[in-house]
Amino acid sequence: LTESITIALPVGGSLFAAFPVAASKGNVATLSYLSTQEAGLTNGTPVETSSPASASSLFNRLQLDDELEADARDPYASTETRDLFVTVDDPKKHVSTMETYITYRVSTKTSRIEFDLPEYCVRRRYQDFDWLRIKLEDSQPTHLIPPLPEKFVMKGVVDRFSEEFVETRMKALDKFLKRVADHPVLSFNPHLNAFLSAKDLNKRQGLALLTKVGESVKHVTGGYKLRIRPAEFCAMGEYLDTFSQKLGTIDRIAQRILKEQSEYLTELREYGTVYSSWAASEEELQRPLEGVASCVTTCCGALEGLSDNMSQDFLPVLREYLLYIESMKNVLRKRDQSQAEYEGRLEAAILRKQEDRTPMPVEVEKCQDKVECFNADLKADWERWQSNKRQDFKLLLTGVADKNINHYEKCQAAWESLITLLQDKQTEDKTSETN
């Protein structure tokens with residue numbers, strides 16, 4: 001029985017691929033990434049697309065080659081120099097009378113004059129990373145701040161101190177910090193400097209300041225309503241909505257595949273045990289039965305590796321980009337608030353000018369400059385995000401394909417070795433009968 005699952009995912013616009021994900025309980029589940037007219041978007045701009053006729057044409061449209069990089073060059077590539085390198089590793093568990101928590105080692109190497117030393121090594125816990133992200137959002141409201149992995153987990157469902165969970169979170173924190181350090185603006189933020197170099201962070205003062213700023217923003221923009229969002233930013237919003245739906249669908253299907261793989265793995269292990277116990281009671285069939293048990297064990301190991309890859313590498317990327325989408329939507333909302341403030345002040349200034357012929361207030365010009373700054377920063381970060389997304393999904397999809405190929409090659413090799421064993425057994429039986 002073959003089950004075919006077809007879903008659409010905009011990866012850098014109308015770039016899609018077809019790849020096998022898992023085989024469980026005799027069902028072959030295939031995720032096929034097809035381009036559709038209702039979901040085709042390239043960099044937030046609507047385009048017309050059509051479904052390719054074959055898997056080969058799908059792969060050609062995916063363009064998983066070096067030419068893709070030329071089409072999605074980083075807008076900062078010509079001016080950006082890599083002089084700040086950060087790494088998050090070495091998680092450690094701390095147990096005290098009040099709480100239990102995990103800290104991570106944050107290592108930094110840099111040649112920037114803003115830092116007093118060329119190398120730093122500090123330990124930070126999750127709430128320190130959360131503090132940094134809040135400070136970046138507060139001080140750089142016009143820029144897209146990379147997301148952090150979700151803080152809260154369901155008790156009884158996920159053990160937040162398990163080795164697998166800590167490893168996955170560490171990778172996510174490392175990716176977050178690398179994205180910030182590679183950004184041409186965020187990487188020069190003084191709060192990042194403090195996070196990377198200071199032994200102790202004064203987080204209370206920063207949070208208090210954030211509260212005040214947040215209240216003032218609500219007060220300023222609360223009385224205005226945006227008239228019309230520019231078409232290019234409308235396209236961004238539509239793209240994010242579509243992308244979010246597709247990623248959500250893939251996440252749900254991947255979760256189901258992972259569950260089926262887990263159930264199949266349990267049954268496969270029981271299946272191998274049966275052959276092992278059978279071999280102990282059948283002397284003449286001992287070698288063939290042990291061979292079958294060995295093949296099943298090999299298949300179990302291959303399937304376990306495939307499942308680990310999906311849970312530790314595939315799913316975290318999907319969830320990171322779901323959080324990325326929310327971050328981008330948040331920046332879009334701030335941009336709209338800024339435009340609404342400008343429109344409101346401009347309208348009020350025009351009315352006053354008509355009444356008493358007063359000159360245009362300086363506040364209006366400042367608001368206009370703020371909107372233009374927002375637009376420029378958002379467009380630049382959008383292009384950077386699209387470029388990163390292409391590269392991330394290129395690695396993700398090719399990685400999934402490689403893992404599946406490796407899984408099936410291991411299984412095939414195991415069963416082919418059993419054929420040789422059975423043939424040898426058959427030859428021995430014929431020889432013994434002749435003698």
### Message
Which label fits Tyr271 and Tyr275: parallel for a plane angle under 30°, tilted from 30 to 60°, or perpendicular past 60°?
### Response
perpendicular
#### Entry: Arg269/Glu304 under salt bridge (charged side-chain N to carboxylate O under 4.0 Å, His left out): CA gap, chis, key distance, verdict
CA-CA 11 Å; Arg269 285 170 175 163; Glu304 187 175 8; 3.3 Å; yes
### Message
Ser327 vs Arg133, test: side chain to side chain contact (heavy atoms under 4.5 Å, CB included). Steps then yes/no.
### Response
CA-CA 11 Å; Ser327 297; Arg133 191 178 191 282; 2.7 Å; yes
### Task
Tell me, please, whether Tyr104 has Arg169 positioned over its six-membered ring: NZ or CZ under 6.0 Å from the ring centre and within 45 degrees of its axis?
no
### Task
Give the intermediate values and the outcome of salt bridge (charged side-chain N to carboxylate O under 4.0 Å, His left out) for residues Arg319 and Glu150.
CA-CA 9 Å; Arg319 288 164 185 168; Glu150 295 164 307; 5.8 Å; no
### Query
Should the pair Asp377-Arg335 be classified as a salt bridge under the 4.0 Å nitrogen-to-oxygen rule?
no
### Task
Identify whether the distance between the nearest side-chain nitrogen and carboxylate oxygen of Asp128 and Arg123 falls below 4.0 Å.
no
### Message
Using 0.5 Å steps for rounding, measure from the CZ atom of Arg333 to the NZ atom of Lys329.
### Response
8.0 Å
### Task
Taking atom types as modelled, find out whether Lys389 and Gln386 have a side-chain donor-acceptor pair closer than 3.5 angstrom.
yes
### Summary
Paired with Thr103, the side chain to side chain donor-acceptor pair (under 3.5 Å) test is passed by just one of His94, Lys93, Arg124, namely His94
### Message
Restricting to non-hydrogen atoms, name the atom on Gly291 and the atom on Leu418 that form the minimum distance, rounded to 0.1 Å.
### Response
C-CD1, 3.7 Å
### Message
Does Glu282, at its CD atom, have more than 12 non-hydrogen atoms belonging to other residues, nucleotides or ligands within less than 6.0 Å?
### Response
yes
### Query
Do Asp313 and Asn309 have a side chain donor and acceptor closer than 3.5 Å?
yes
### Query
Side chains of Asp381 and His183: is there a donor and an acceptor less than 3.5 Å apart?
yes
## Note on the structure
The residue among Trp131, Phe129, Tyr120 that forms ring pair (Phe, Tyr, Trp, His ring centres under 6.0 Å) with Phe195 is Phe129
### Task
Apply the test salt bridge (charged side-chain N to carboxylate O under 4.0 Å, His left out) to residues Lys379 and Glu383: give CA-CA distance (whole Å), side-chain angles for both, the deciding distance (0.1 Å), then the verdict.
CA-CA 6 Å; Lys379 289 177 184 178; Glu383 292 299 325; over 6 Å; no
